[in-house]
Undergrad: 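Sharing a structure here in C-alpha cells format.
In what follows, every heavy atom counts, from backbone to side chain, and hydrogens, waters and symmetry copies are set aside. All values reported here derive from a predicted model rather than from experimental measurement.
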Amino acid sequence: MNISYDIIVVGGGHAGCEAALASARMGMQTALITMNLDTIAQMSCNPAIGGLAKGQLVREVDALGGEMGKVIDETGIQFRLLNVSKGYAVRSPRAQADKKLYQYRMRRILEKQLNLSLHQDVVDKIVIGDGKILALVGKSGTWYSANAVIITTGTFLNGLIHTGNSKTKGGRAGEPSSGKLSNSLRNLGFEINRLKTGTPPRLNGNKINYKVLQEQDGDERPTAFSFSTKKIRRPQIKCYITYTNNLTHEIIRSNLDRSPSYTGQIKAVGPRYCPSIEDKIVRFPDKNQHQIFLEPEGLNTSEVYCNGISTSIPCDVQEAMVRSIKGLEEAEIIRYGYAIEYDFVPPTQIKPSLETKIVKNLFLAGQINGTSGYEEAAAQGIMAGINATLKVQGREPFILDRSEAYIGVLIDDLVTKGTREPYRMFTSRAEYRLILRHDNADRRLMRYGYQFGLIKEDQWSELLEKEKIISRTIEYLENKKSGADPLAKLLRRPDMNYNDLLKIDSNLKEQNIPPLIQEQIEIEIKYKGYIDRQQKQIEKYKKMEELLLPSWFNYDDISGLRTEARQKLDKIRPISLGQALRVSGVSPADISILMVYLMSRGKRGTQPLVT
C-alpha cells in the first residue's frame, strides 16, 4: 500500500508533536508516524516542563504558535518561577506536570487537528532519488510518499537499556528500539554516533515518610507558559526535598564495579550537566550530600519521581541506595532506574533550517541532533515543521539568529559547533540574554507565528494593543513629573517599583494596566541603559551576519587560510561570516582573510544564498 502526504513526521515525542502541528496548521497534508500511539508526548524522564533557560524555549515555542506551553498550563500541578532573587535575564518558569494528563491532552490536540493523520507503524527505510527524499517504508510494508520528511526519533535509534550488567534493546523501558532506520541513515552517508542518558528509580509515594522531609511549595501566583493563558486553574501540589548521605555514597562507591558506566559496558558519552548519581559520587568525592527532589507524577497516582539520583546500578544496589536516604527508609521502588545508549546524527550535518546537507527535504529535530530535554526538542520540532512547509512551498527558510531567540542560539550552536555530549540549553549560552527574556518572547517572536498562520487574529490583536499600552505609558512616565523628577527617573531607583508609582500618580492608577504589562514597562525603564548597550552589540553582530557566504564557496581558492580552517569551513558550510567566526578551529585571522576576499570580489551581502 502507498499513502501520499505533503509532509511526514517520524516520532511522536515532543519534537514530533510540534513539527506535525506546525506543518498541518500551515496547510500541509501531514502524517505523524509513531511506534505506539499510546505514548505520544510521553515524559520519558522527569514529569516537568521548563527550568533555567528551558522555560525561555517553551515561551518562544508558544510565541511562534506551538502547543507545549498551552498543554503544560492545562495539566501542570506545581508552578515555580526560578531565580526570582536574581535579574530578569536569568529568571525562568518551570512546572511539574500531571504526566498522564499532559500526554492525553497533547494526543487529543493532534487527533483533532485538521490536515493531520496519525499512523502507528515503525519506519524501517528512507527512500531517496536524485538526492531528495521520496518515501518511507514502514515495518507494515506500507510506503509513505512525501515531499518532505522530519525525523524526530528521540532515544529510539538503536536504543540499548542498561541496568547493572543487564542489557535490553529498547528506546524506552518496555518499548522496542528502531535499528533499521538508523542503518538506513548510515547507508545514505550520514555519520552516526552514540550518546547516553539515564533516569532515576520511581517510588510508591504511600511508602515515603513525608513528615521528616522538607516541603517545597509552588508559587502562590503561578506564572503561565502560554501568552494565551489567563489563569492556572488546576489544583497545585507539594514537592519534597531530601538528600543523599555518607552511607548512600558508600553503598554506591562499593558497587561501582557493578555499574555499567564504570565496567566499560556503556561506551557512549552522557550528559555533563545532569550526571548519574554514580558520576556525582566519583566526580565530587568531598561532597557529603546531594539534593534529591521528590516529584509526584500526577494527581491520580502515587508514583514519585526521584529527581537527582539517575542511575544504572543493579536493582539490589538501587534498593539499598534508596533506603539509606532520609524519609525513604521504607520506600518501595516500583520502577528501577536505567541508562540508555542511542544513536544520533552529529548536527554539523544539518543546515540552520534543520534540513540535512546530504538529502534534500529531509529534516531532523530533537535528540537525533544530540540535544537533551523536552524543551530543546519542542523548539527544534516547531522550526522543522515551519521550514519543511516553506521548503515544499518553494519559499526561503525561516532562521532565527542568536540575537532574536534562545531557539536561534540552540540551533546555531548545534549546526556550527556540533556536540559530543547531550546538549542542554543554559542562559549562559546566550550572549544577549537581557534581550531574550522569558517575559518578552511574544514581543520578539509572535509576528513570525502570525505571518505563518500559527497565531490567531485575536491573539495578534491583543499583542498590538499591549505594545500600544507599553509605548504610551513609557512616554507618559518620561514626561510626567513628581516634584522635580520625571516618574521614569523615580522608577529607575533600586527601591522603587511600578506599584510605588501608582501611589504617587492617580492618573496612572486609573489606567488599570494589567500586572504583566506593568512588568514590561518597569523592565524597559529600569534596564534601559543595559538594554541600549546590548542593542548596540546586536547591531555589530548583525553586520557580520549580513556578510553571506554562498554554499558553493570553494575555500581552497582562498590563499592564506590555514588548513584546519579550510577543513572546518568546508565541513560546516557556514551561511555568513558571523557563523564562520563561531566555528571551532577558525581564528579571527582566518575571518579577516575571508573578509578581505569577500571585499575584493565585491560580494558584501550581495551574493544570493543557495539553500
Side-chain angles (χ1 to χ4, degrees), residues 131 186 188-195 269 272 344-360 364 369-371 397 399-404 408-426 428-432 536-611:
R186 187 177 282 106
L188 290 173
F190 288 97
E191 176 190 351
I192 306 291
N193 289 339
R194 300 281 275 175
L195 289 176
V269 180
R272 178 188 302 266
F344 83 108
V345 178
T348 52
Q349 298 170 93
I350 57 175
K351 302 175 184 178
S353 64
L354 300 182
E355 182 185 20
T356 67
K357 296 174 182 178
I358 295 176
V359 179
K360 295 178 182 177
L364 307 181
N369 288 333
T371 57
I399 298 170
L400 290 167
D401 69 40
R402 300 180 72 90
S403 68
E404 291 181 289
V409 175
L410 165 68
I411 295 176
D412 184 68
D413 278 353
L414 292 174
V415 303
T416 303
K417 302 173 184 175
T419 187
R420 295 182 179 179
E421 60 191 42
Y423 177 101
R424 179 179 177 179
M425 179 52 69
F426 289 101
S428 59
R429 295 189 190 273
E431 306 93 314
Y432 312 112
K536 290 179 181 178
Q537 293 171 346
I538 289 173
E539 288 172 12
K540 292 180 180 179
Y541 157 81
K542 284 191 176 291
K543 288 180 181 179
M544 295 288 283
E545 299 303 308
E546 289 168 1
L547 290 167
L548 302 182
L549 298 174
S551 60
W552 48 259
F553 229 47
N554 186 350
Y555 293 99
D556 289 334
D557 291 343
I558 306 175
S559 60
L561 276 183
R562 295 173 305 113
T563 301
E564 182 185 7
R566 283 198 184 95
Q567 292 172 345
K568 294 289 182 65
L569 291 169
D570 188 60
K571 179 180 179 181
I572 303 299
R573 309 303 301 178
I575 64 174
S576 68
L577 203 63
Q579 187 187 359
L581 182 59
R582 296 188 292 276
V583 174
S584 174
V586 177
S587 70
D590 297 318
I591 296 299
S592 297
I593 292 169
L594 268 178
M595 187 179 293
V596 170
Y597 182 81
L598 285 172
M599 296 289 287
S600 67
R601 301 272 302 210
K603 298 191 185 302
R604 177 184 285 271
T606 62
Q607 181 62 43
L609 177 64
V610 180
T611 60

Undergrad: What is the distance from atom CG of L414 to atom CG of L354, rounded to the nearest 0.5 Å?
TA: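 Here the interatomic distance stands at 8.0 Å.
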Undergrad: For the pair R402 and D413, find out whether any cationic side-chain nitrogen is under 4.0 Å from an anionic carboxylate oxygen.
TA: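 Salt bridge flag = yes for D413 with R402.
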Undergrad: Do L549 and Y555 touch side chain to side chain, with heavy atoms closer than 4.5 Å?
TA: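 Touching, per the 4.5 Å side-chain cut-off.
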Undergrad: Where is the tightest heavy-atom contact between S353 and P397, given as atom of each residue plus distance?
TA: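 What the structure gives for the nearest pair is CB-CB, 3.8 Å.
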Undergrad: Can you name the nearest heavy-atom pair linking Y432 to S403, along with the distance?
TA: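 Closest approach of Y432 to S403, heavy atoms only: CD1-CA, 3.6 Å.
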Undergrad: Using modelled atom types and a 3.5 Å cut-off, is there a donor and acceptor pairing between side-chain atoms of R562 and backbone atoms of G585?
TA: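 Yes: the side chain of R562 pairs with the backbone of G585.
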Undergrad: For the residue pair P346 and E191, what are the closest heavy atoms and their distance?
TA: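 That would be CD-O, 3.1 Å.
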Undergrad: Are any side-chain N or O atoms of T419 and backbone N or O atoms of P422, one a donor and one an acceptor, separated by less than 3.5 Å?
TA: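 No.
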Undergrad: With heavy-atom distances below 4.5 Å as the criterion, would you say the side chains of K417 and S584 are in contact?
TA: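 Not touching, per the 4.5 Å side-chain cut-off.
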Undergrad: I593 and L561: which non-hydrogen atoms are nearest, and at how many Å?
TA: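 Smallest interatomic distance, heavy atoms only, reads CD1-N, 4.1 Å.
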Undergrad: Of the options I591, L581, T416, which is the one that meets V586 in a side chain to side chain contact (heavy atoms under 4.5 Å, CB included)?
TA: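 Of all the options given, the one that passes is I591.
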Undergrad: Could you grab the distance from atom OG of S576 to atom CG of L547, nearest 0.5 Å is fine?
TA: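 Output value for this atom pair is 8.0 Å.
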Undergrad: What do you reckon, is NZ of K542 surrounded by more than 12 foreign heavy atoms closer than 6.0 Å?
TA: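 For K542, atom NZ is crowded (more than 12 foreign heavy atoms under 6.0 Å).
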Undergrad: Taking the six-membered ring for Trp and the single ring otherwise, decide whether the centroids of F344 and Y423 are under 6.0 Å apart.
TA: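 No; Y423 has its ring centre 6.0 Å or more from that of F344.
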Undergrad: Who are the side-chain contact (heavy atoms from CB on, under 4.5 Å) partners of I358, not counting sequence neighbours?
TA: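 By the side-chain contact (heavy atoms from CB on, under 4.5 Å) rule, I358 matches F190, Q349.
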Undergrad: Does atom NZ of K357 have more than 12 heavy-atom neighbours, drawn from other residues, nucleotides or ligands, at distances under 6.0 Å?
TA: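 Count over threshold, so yes.
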Undergrad: What's the verdict on side chain to side chain contact (heavy atoms under 4.5 Å, CB included) for T348 and V415, showing C-alpha distance, side-chain angles and the deciding distance?
TA: CA-CA 5 Å; T348 52; V415 303; over 6 Å; no
Undergrad: Check step by step if side chain to side chain contact (heavy atoms under 4.5 Å, CB included) holds for I399 and I575.
TA: CA-CA 11 Å; I399 298 170; I575 64 174; 4.3 Å; yes
Undergrad: Which value, rounded to the nearest 0.5 Å, describes the distance between Q567 atom CD and I572 atom CD1?
TA: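 If we round to the nearest 0.5 Å, Q567:CD and I572:CD1 are 12.0 Å apart.
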Undergrad: Taking all non-hydrogen atoms of both residues into account, name the closest pair between E421 and R272 and its distance.
TA: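 Heavy atoms of E421 and R272 come nearest at OE2-NE, 2.9 Å.
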Undergrad: In Å, rounded to the nearest 0.5 Å, how long is the span from CG of D401 to CD1 of I411?
TA: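 The distance works out to 11.5 Å.
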Undergrad: Should L569 and L594 be marked as a side chain to side chain contact (heavy atoms under 4.5 Å, CB included) after you check the CA-CA gap, both sets of side-chain angles, and the distance that decides it?
TA: CA-CA 11 Å; L569 291 169; L594 268 178; 4.0 Å; yes
Undergrad: With rounding to the nearest 0.5 angstrom, report the CZ to CG distance, R429 to D412.
TA: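 Rounded to the nearest 0.5 Å, the CZ-CG separation comes to 12.0 Å.
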Undergrad: If you round to the nearest 0.5 Å, how far is CG of L364 from CD of E355?
TA: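 Rounded to the nearest 0.5 Å, the CD-CG separation comes to 10.0 Å.
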Undergrad: Please determine whether the number of non-hydrogen atoms from other residues, nucleotides or ligands lying under 6.0 Å from atom CZ of R420 exceeds 12.
TA: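 Incorrect, the count does not exceed 12.
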Undergrad: Taking the side chain as every heavy atom from C-beta outward, state whether Q579 and R573 have any pair of such atoms under 4.5 Å apart.
TA: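 A side-chain contact under 4.5 Å is absent here.
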Undergrad: Would you check if there is a donor-acceptor pair between the side chains of T371 and N369 at a distance under 3.5 Å?
TA: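 Their side chains do not contain a donor-acceptor pair, so the 3.5 Å distance test is not met.
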